[in-house]
J.: 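Sending over a structure as structure tokens; questions will come in a sec.
All chains are named by letter (A, B, ...) in the order of the sequence lines, taking the proteins before the strands, and each is independently numbered beginning at 1. These numbers come from the heavy atoms of this one structure, side chains and all, not from hydrogens, waters or symmetry mates.
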Amino acid sequence: MTDSTPDTATSDDSAAATDDELAGLVEETVNSLLKAARARQTYVAGNPLIERFHGELCEKLATVWDAMPHLSLTVDEGRLLWRERQVYAKDLGPDNFAFRFFKDGIRQLALLPGVEEGELEEFIGLLARARPAHDDDLLATLWHRDFKAVRMDYVDVSEDEAGEVPKPDRNAGAGESLEDMTEIEDVLASGEVMEDDIAEFADIALREPDLLYLKREMEAEWARPIVHDVTLALLDQFEMRDQERRRQVVDILREMLPRLLAERDFSNVAMIVNELQLLANKTGEDETQDLVTSLLRDMSEAMAEMVSAADAEGASPGADEMAALIGALQAEAIPTLVRAIPAVPNRHTRDRLAEALDRLVGANPGYVVDLLTAEDPMLAAEAARIVGRLGLREAESDLIELSKRPEDVTRQAAIEALAILGSAVGAQALSTALSDPGKDIRMAAVNAIAAVRPEGAGELLRGMIATGLPDRDAGEQMAFMRAYATLAEDAAVPVLAKLLNGRKWWGGRRAPTVRACAARALGLVGSESARAALEKAASDRAAPVKSAVRVALRALDSDSDERERLATTMDTDEAAEVVEDPIEMGMLADLDDEQGGKR
Amino acid sequence: MTGAPPLGTGVLAAMYGAVRAMQLYPAENEVVKRSLREVGEQAERILEHEGGLSVWVAGNYMFVNDLQVRLDLHDYAALAAFREVFRGHGVGRMEADPKTGSEDWHAFLSAIATDPAPGQPPLEALQADLASRGVTHISVGPPSPMFQGSEGEQSLDAARRTYARSVKVARDMMEGLVLGKAIGARRAERAVLAVVDQVLQDPATMLGMLTLRDFDDHSYVHSVNVAILSVALGDYLGFNREQLFELGFAALFHDIGKVLIPQAVLNKMGWLNDEEWRLVSQHPDFGLLMLFNVEGFEDLPYRAMLAVYEHHMKPDLSGYPRVIRRRRQGLFARIIALTEAYDAAISNYSKQFLPCSPDEAIRQLREAESGAYDKVLIRAFVNMMGIFPVATLVILDTGEMGVVVAPNPNPKALNRPLVRIIASPDGERVGEGPIRDLTERDPETGGYRRSIARSTDPGRYGINVADHVA
């Protein structure tokens with residue numbers, strides 16, 4: 001490609017002296033340029049050195065423009081030349097900037113005034129990013145960028161040999177005579193001439209409406225949704241061609257869909273999944289249906305992942321797109337949905353995904369059951385919750401195993417699920433969990449036992465409660481006693497009465513919290529023997545006990561629902577709130593502290 | 001080199017704005033004054049930076065300080081019209097020195113805003129007018145001929161190398177795809193950008209390469225020819241460089257799907273039967289699917305895929321492949337449809353039809369059935385190629401025989417191209433004869449010195465037109 005950028009070389013002595021000075025200026029400018037490029041390579045964006053070197057370069061260029069209309073450099077293998085004077089040289093290697101240009105065929109490089117007004121920074125960036133070791137094509141990069149103030153000449157250094165390039169024979173036939181003169185003689189004889197009046201071609205001239213039309217067509221071409229239109233073409237092919245073509249189209253879509261999802265192009269993805277499913281149904285052919293289902297299965301995980309992730313970014317698909325994507329999800333999406341749903345911020349999206357999950361799990365329970373053995377404790381726990389919610393009894397043995405895992409979250413989820421399933425098999429695990437190291441698991445277990453009422457649980461609880469549960473906090477004590485009262489009913493009164501009114505061997509009483517919990521539990525039992533035990537403690541000096549007894553006696557006079565309500569106000573931390581007086585609450589806390597801070 | 005100074009388009013647009021203002025309003029009108037100020041400011045910036053301002057016109061191209069001004073469709077109309085103002089006055093080149101002031105610009109633009117008087121060579125009249133107005137810092141001169149001596153030969157060498165290399169790349173790409181090998185993205189990219197650069201530098205020379213038909217495999221030659229024609233048309237329409245690249249790439253691979261069609265079918269003499277036609281008509285489908293196997297490109301070439309898929313659809317969608325989901329045949333596809341038809345018409349690829357002369361191919365396009373091609377694009381193509389495109393063998397009314405080497409720089413002289421004389425009226429071959437501009441007039445009679453009597457078949461005379469244009 002020839003260089004059309006004129007140069008200003010002259011040859012007399014004074015110009016030669018000037019040229020030496022100018023060469024020095026050019027050399028400094030080139031060094032400044034390369035320094036700026038190296039800084040971009042070395043330092044992170046925003047480093048003040050980058051800005052400093054860039055500023056120095058602009059200053060140099062300003063001086064150059066005073067001296068010459070443009071800065072043209074010749075690129076040699078390891079050197080840069082200005083008017084045949086070397087202005088840069090370095091040993092050949094990846095650090096040699098001249099070589100970077102040279103290896104890609106660039107032979108002339110020119111910077112024009114105005115380059116520093118925007119293009120220079122980008123040019124330096126491209127130069128810095130070009131990686132010789134990776135065979136980046138600097139020529140193509142610069143070509144596509146189409147800088148206005150950075151120009152280059154290049155030669156094609158590709159390995160292609162053009163082969164034998166036909167050379168014309170400019171003097172072919174020179175001196176020879178045409179054998180056939182018929183036409184020429186006809187022309188001379190007739191004086192014929194092609195119509196000079198090109199009225200025949202009057203319709204050829206491009207008129208203003210034509211220019212406007214072309215302008216519109218250009219704009220339409222560049223505004224065209226090319227991915228969408230390519231997708232339409234693929235779907236047309238799927239619809240009108242044979243099974244082999246359909247397989248090809250599906251293979252292409254299998255590569256294309258992840259890319260579209262990564263780009264959050266939900267519109268095209270939704271269109272693809274919708275259309276494919278419609279087409280599969282339309283053909284009614286099993287093979288086509290299998291083809292489409294196979295694709296959707298392969299894509300389900302990615303679709304679920306991207307919908308969730310997009311929501312977190314505030315870039316959720318539209319309602320129709322969401323419906324299409326979620327509706328197309330297959331069982332393979334279950335693990336992703338289980339993992340992702342809890343973290344989806346948008347409630348609407350979360351609900352839609354949860355609906356999809358329920359649908360998928362309902363049709364494919366095995367996927368969820370398999371997740372109970374997942375290494376990820378959160379995943380396993382969530383799977384347990386789903387199993388419980390859906391009442392999947394076939395998962396019981398896995399839940400029991402899950403209840404033995406080291407993570408609190410998995411054990412708790414397993415216990416809660418077993419509680420929901422409420423089977424005898426699971427009850428053993430529940431009983432075991434009453435002694436779990438984790439409080440939440442123990443609470444879950446005791447609440448579950450109260451609901452499930454497994455055989456033998458009452459005895460187990462009696463044995464635990466009889467100790468007064470000294471190592472449990474008030475909330476847990478209440479939960480256990482409540483459960484015991486529920487299970488044993490009137491049979492629970494002796495143990496509870498003993499806790500309330502009994503004395504230890506040395507004459508002392510149980511801690512007020514224990515006694516208060518026992519009083520509440522007696523209120524839940526509601527029998528005459530329970531009342532007797534409560535009345536005996538009616539004038540107890542410990543305010544929490546007195547208060548609890550009062551509440552319990554009130555419960556005895558209430559209906560069963562009210563009794564339950566009054567009893568359940570003693571759940572967990574509300575056990576401490578049995579005392580209405582804050583001073584008494586402080587006394588309660590002190591008493592707990594005496595017991596070694598069991599809360 | 002490609003590209004233009006940042007200010008080139010601006011100064012030309014300002015000049016044209018001033019000319020229009022002067023044609024519409026009196027000199028004291030504020031619009032005129034404002035437009036002249038704009039010219040002064042734009043010109044001053046260039047003069048300060050570059051020490052001079054030259055504008056010259058060559059063919060359909062304009063240059064400011066030796067650098068081509070890239071037109072796009074947004075400024076196409078204005079700048080094309082300004083180009084005509086220059087041509088109307090016979091101006092090929094304008095030079096302004098650094099001392100040019102506002103009075104000079106006013107006088108110069110006022111002079112060219114006035115239509116040239118009939119009966120006098122317009123350039124001479126303008127030069128006299130400028131002298132009488134005291135304009136000394138702006139000079140005007142005639143157009144430079146499109147073909148230039150040794151510089152032209154260098155351009156030809158570069159064009160030939162680019163052409164031959166592109167054919168090789170096309171062959172390797174397509175054969176590689178059949179064998180399941182990854183396309184060398186870099187090679188394809190380099191081939192296309194070289195074609196684009198060659199077309200931008202010298203479109204007529206590159207169009208002359210279409211006459212090179214000494215390669216073995218016509219399929220690949222055809223692909224390269226369609227790429228050249230498409231890029232040339234895109235350039236004529238004002239596509240920017242990146243758009244030309246995408247168009248060139250799409251055109252180079254427009255028939256890529258044919259590699260999956262048995263050669264026996266492609267090379268069959270005579271008409272194809274139904275089954276053969278069904279196979280051949282699927283080459284756009286095959287091409288679309290094959291382009292998904294392209295490796296090495298940062299992004300999938302979606303626009304090229306659409307052009308490949310749609311290039312036989314026709315604007316009215318009556319072509320193939322069948323359209324089920326609503327779409328329009330894209331602009332790229334319409335361009336390629338046209339250029340492919342032209343190259344097929346003038347070549348001997350088709351086993352069903354004999355090749356015709358370039359001018360006959362132009363006529364066929366113009367007479368093509370409604371809906372077969374984009375009518376406006378046909379007009380643009382004919383304007384670009386001329387009634388007698390490059391490589392047409394013609395007999396002149398003088399009895400001379402010649403080969404068209406370039407369209408006439410005057411866009412109104414579509415039927416009066418530049419012709420290289422290769423035989424005298426007595427039939428003697430002259431080898432590399434002189435180039436004649438058919439708009440040249442006899443000063444005594446005022447009539448044209450030479451006109452085309454008819455076009456003819458080079459085969460009849462054993463003439464290889466490539467010897468004179470490629």
Side-chain angles (χ1 to χ4, degrees), chain A residues 1-6 69 113-114 137 140 143-144 146 148 151 153 156 158 160 162-163 165-166 168-174 176-178 180-181 183-184 187-188 192-194 196 198 201 204 206 210-211 213-215 217-218 221 224 226-227 229-230 232-233 235-237 239-240 248 252, chain B residues 1 3 6 49-51 66 73 76-77 160-161 164-165 168-169 186-187 189-190 193-194 197 212 214 237 241-242 285 288-289 292 302-303 305-306 309 322 324-325 327 330-331 376 379-380 382-383 387 395 397 399 414-415 423 427-432 451-453 456 460-461 466-467 470:
Chain A
M1 307 286 169
T2 54
D3 185 352
S4 62
T5 317
D137 191 342
W143 192 95
H144 283 292
D146 198 13
K148 294 295 178 283
R151 258 79 65 71
D153 276 341
D156 196 333
S158 66
D160 288 317
V165 182
D169 180 3
R170 294 279 184 249
N171 287 304
E176 295 172 8
S177 294
L178 294 173
D180 182 352
M181 288 294 292
E183 281 196 293
I184 291 177
V187 164
L188 289 172
E192 72 184 81
V193 171
M194 279 280 190
D196 191 46
I198 59 168
F201 304 108
I204 285 176
L206 282 173
D210 295 332
L211 295 177
Y213 168 83
L214 290 169
K215 182 179 170 182
E217 290 298 308
M218 274 293 299
E221 177 66 33
R224 188 178 186 185
I226 51 177
V227 176
D229 286 354
V230 166
L232 291 183
L235 291 169
D236 275 3
Q237 287 292 301
E239 182 164 351
M240 67 176 153
Q248 286 180 302
I252 287 170
Chain B
M1 276 211 175
H49 268 129
E50 309 211 6
D66 299 325
L73 280 173
Y76 182 94
R160 277 188 225 111
R161 282 198 303 276
R165 202 167 271 125
K168 187 168 189 300
V169 166
R186 180 170 170 159
R187 291 179 65 213
E189 189 173 22
R190 285 292 191 101
L193 66 89
D197 274 346
L212 291 174
D214 295 337
L237 295 175
R241 198 158 75 165
E242 194 57 31
D285 313 36
L288 167 71
L289 300 177
F292 276 98
Y302 289 116
R303 204 175 298 279
M305 290 176 183
L306 289 171
Y309 189 69
R322 184 165 66 98
I324 299 175
R325 286 160 185 77
R327 70 193 305 120
L331 180 63
V376 177
R379 277 202 285 282
V382 174
N383 273 271
I387 304 297
I395 297 175
D397 60 348
L414 287 178
N415 62 332
E428 185 177 344
R429 296 279 300 270
V430 299
E432 193 167 3
S451 299
I452 293 174
T456 188
R460 180 170 174 165
Y461 301 94
D467 285 333

J.: Go through the atoms of B:I395 and report whether side chain, backbone, both or neither lie under 4.5 Å from a heavy atom of chain A.
T.: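 B:I395 touches chain A through side-chain heavy atoms alone.
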J.: Distance-only, no hydrogens or angles: does the A:R224 side chain make a donor-acceptor pair with backbone N or O of B:R303 under 3.5 Å?
T.: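 Flag not set: sc A:R224 to bb B:R303 has no pair under 3.5 Å.
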J.: Using heavy-atom distances under 4.5 Å, tell me whether B:L288 contacts chain A through its side chain, its backbone, both, or neither.
T.: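 B:L288 touches chain A through side-chain heavy atoms alone.
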J.: Does any heavy atom of chain B fall under 4.5 Å from the side chain of A:E192, the backbone, both, or neither of them?
T.: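 Interface part for A:E192: both.
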J.: Check whether B:A380 gets within reach of chain A through its side chain, its backbone, both or neither, counting any heavy atom under 4.5 Å.
T.: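 When you check distances to chain A, atoms from both the backbone and side chain of B:A380 fall under 4.5 Å.
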J.: Nearest 0.5 Å, please: how far is CG in B:L237 from NZ in A:K215?
T.: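 Reported value, rounded in 0.5 Å steps: 14.0 Å.
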J.: So, taking the atom named CZ in B:R460 and the one named CG in A:D180, what distance separates them when rounded to the nearest 0.5 Å?
T.: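 Rounded to the nearest 0.5 Å, the CZ-CG separation comes out at 4.5 Å.
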J.: Which heavy atom of A:P168 sits nearest to which heavy atom of B:A466, and what is that distance?
T.: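 Answer, listing the atom of A:P168 first, then B:A466: CB-O, 3.7 Å.
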J.: For chain B, which candidate among A:H144, A:Q237, A:E176, A:Q248 shows the most heavy-atom pairs at distances under 4.5 Å?
T.: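 With the most close heavy-atom pairs to chain B, the winner is A:H144.
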J.: Okay, side chain of A:D210, backbone of B:V376: is any donor-acceptor separation there less than 3.5 Å?
T.: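 It does not hold such a pair.
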J.: For A:D169 and B:D467, indicate whether the former's side chain and the latter's backbone hold a donor-acceptor pair under 3.5 Å.
T.: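 No: the side chain of A:D169 does not pair with the backbone of B:D467.
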J.: Just verifying a value: how many Å separate A:M194 CE and B:I452 CD1, rounded to the nearest 0.5 Å?
T.: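 It comes to 7.0 Å.
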J.: Before you tell me yes or no, could you show the steps for A:D146 and B:E242 under side chain to side chain contact (heavy atoms under 4.5 Å, CB included), namely the whole-Å CA-CA distance, both residues' side-chain angles and the distance that decides it to 0.1 Å?
T.: CA-CA 8 Å; A:D146 198 13; B:E242 194 57 31; over 6 Å; no
J.: What part of B:Y302 is in contact with chain A, defined as an atom under 4.5 angstrom from a non-hydrogen atom: side chain, backbone, both or neither?
T.: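 Backbone plus side chain of B:Y302, per the 4.5 Å heavy-atom cut-off to chain A.
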J.: Only pairs of heavy atoms separated by less than 4.5 Å count here; which of B:D397, B:V430, B:L306, B:V382 has the most with chain A?
T.: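 Greatest number of close heavy-atom pairs with chain A: B:L306.
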J.: Is A:L232 close to chain B through its backbone or its side chain, or both, or neither, when contacts mean heavy atoms under 4.5 Å?
T.: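 A:L232 touches chain B through backbone and side-chain heavy atoms alike.
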J.: Mind ranking A:E239, A:M181, A:E183 by heavy-atom pairs under 4.5 Å with chain B and telling me who comes out on top?
T.: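 The answer is A:E183.
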J.: Given A:M240 and B:I324, is the side chain to side chain contact (heavy atoms under 4.5 Å, CB included) satisfied, shown in steps?
T.: CA-CA 8 Å; A:M240 67 176 153; B:I324 299 175; 3.9 Å; yes
J.: So which atom in B:R429 and which in A:A172 form the shortest heavy-atom distance, rounded to 0.1 Å?
T.: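 It is NH2-O, 2.9 Å.
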J.: So which atom in A:W143 and which in B:R241 form the shortest heavy-atom distance, rounded to 0.1 Å?
T.: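 Looking at all heavy atoms of both residues, the shortest contact is O-NH2, 2.6 Å.
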J.: Closest approach of A:M218 and B:L331, non-hydrogen atoms and distance?
T.: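 Closest heavy-atom pair between A:M218 and B:L331: SD-CD2, 3.7 Å.
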J.: Within the distance-only criterion (no hydrogens, no angle test), does the side chain of A:D236 pair as donor or acceptor with the backbone N or O of B:R325 below 3.5 angstrom?
T.: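 Yes; at least one donor-acceptor contact below 3.5 Å.
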J.: Is chain B contacted by the side chain of A:I184, its backbone, both, or neither, given a heavy-atom distance below 4.5 Å?
T.: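 It is both, since atoms from each part get that close.
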